[in-house]
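The sequence lines fix the lettering, A, B, ..., with proteins before strands; numbering per chain opens at 1.
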Amino acid sequence: MDINDRNIRLYSVIQGIPLGKVATYGQIASLAGLPGAARLVGKILSGLPADTKLPWHRVINAAGKISLPQNSDSFTEQIKRLTEEKVLICGNAIKLSEFKWRP
DNA sequence: GGAATGACTCTTT
DNA sequence: TAAAGAGCCATTC
């Protein structure tokens, strides 16, 4: 597939995350047809524009935590948005057993 | 073409 | 869930 299709799929999968749920990088990669490409997801997300429509805040690592530096603005923004969506966050960790997206 | 890098995951302990 | 080690994928230099 083209390198562009890979991004398109990732975008689609991320966009498909229902409100109030979160998904892990590996999960997204697998659903996009790229098993093991978890790092790619992070790479893509890091390149997203500030005005993107993608719910990137619903993407977290497999530990249920946010991989962003806690001193970053994106980190604060993510916490804020998740809280707005009724996703409980304990410190920097999220209860995957309750909020993880299960397609 | 090879080495380094990154918003990571998996299997064991 | 936490820690340590190895692995995987694409981009970039």
Q | Sub-4.5 Å side-chain heavy-atom contact between A:W101 and A:V13 | A | yes
Q: Take atom CG of A:N61 and atom C1' of C:dT1, then tell me their distance rounded to the nearest Å.
A: 12 Å
Q) Which part of the nucleic acid does A:K65 contact within heavy-atom distance under 4.0 Å: base, sugar-phosphate only, or nothing? A) sugar-phosphate
Q | Spacing between A:K43 atom NZ and B:dA7 atom P, to the nearest angstrom | A | 7 Å
Q.
Please pick, from B:dT9, C:dC9, B:dA7, the nucleotide with the shortest atom-to-atom distance to any side-chain atom of A:A37.
A. C:dC9
Q: Apply side-chain contact (heavy atoms from CB on, under 4.5 Å) to the pair A:R58 and A:V87, showing each step before the final yes or no.
A: CA-CA 9 Å; A:R58 293 176 193 154; A:V87 178; over 6 Å; no
Q.
Using a 4.0 Å heavy-atom cut-off, does A:S72 contact any base of the nucleic acid, only the sugar-phosphate backbone, or nothing at all?
A. nothing
Q: Send over the distance from A:L34 CG to C:dT11 P, rounded to a whole Å.
A: 10 Å
Q) Minimum heavy-atom separation for A:F99 to A:L88, with atom names? A) CZ-N, 3.5 Å
Q.
Can you measure A:N92 atom CG to C:dT1 atom P for me and round it to whole angstrom units?
A. 12 Å
Q. Would you say A:Q15 has more than 12 foreign heavy atoms packed within less than 6.0 Å of its CD?
A. yes
Q: On DNA chain C, check which nucleotide each of A:S97 and A:P35 is closest to and give me the residue with the more 5' one.
A: A:S97
Q: Let me know the distance between CG of A:L40 and P of B:dA7, rounded to the nearest Å.
A: 13 Å
Q.
Expressed as a whole number of angstroms, how long is the span from A:L45:CG to B:dA7:C1'?
A. 7 Å
(Q) How many whole angstroms separate atom CD1 of A:I79 from atom P of B:dA7? (A) 17 Å
Q: Establish, with yes or no, whether the OP1 or OP2 oxygen of C:dT11 is under 4.0 angstrom from a side-chain nitrogen or oxygen of A:R6.
A: yes
Q.
Heavy atoms only, 4.0 Å cut-off, all strands: where does A:A63 land among base, sugar-phosphate and nothing?
A. sugar-phosphate
Q) What is the distance from CG of A:L10 to P of C:dC9, rounded to the nearest Å? A) 14 Å
Q.
Between the side chains of A:R81 and A:E77, is the shortest nitrogen-to-carboxylate-oxygen separation below 4.0 Å, so that they form an ion pair?
A. yes
Q) In whole Å, what separates the P atom of B:dA7 from that of C:dG7? A) 22 Å
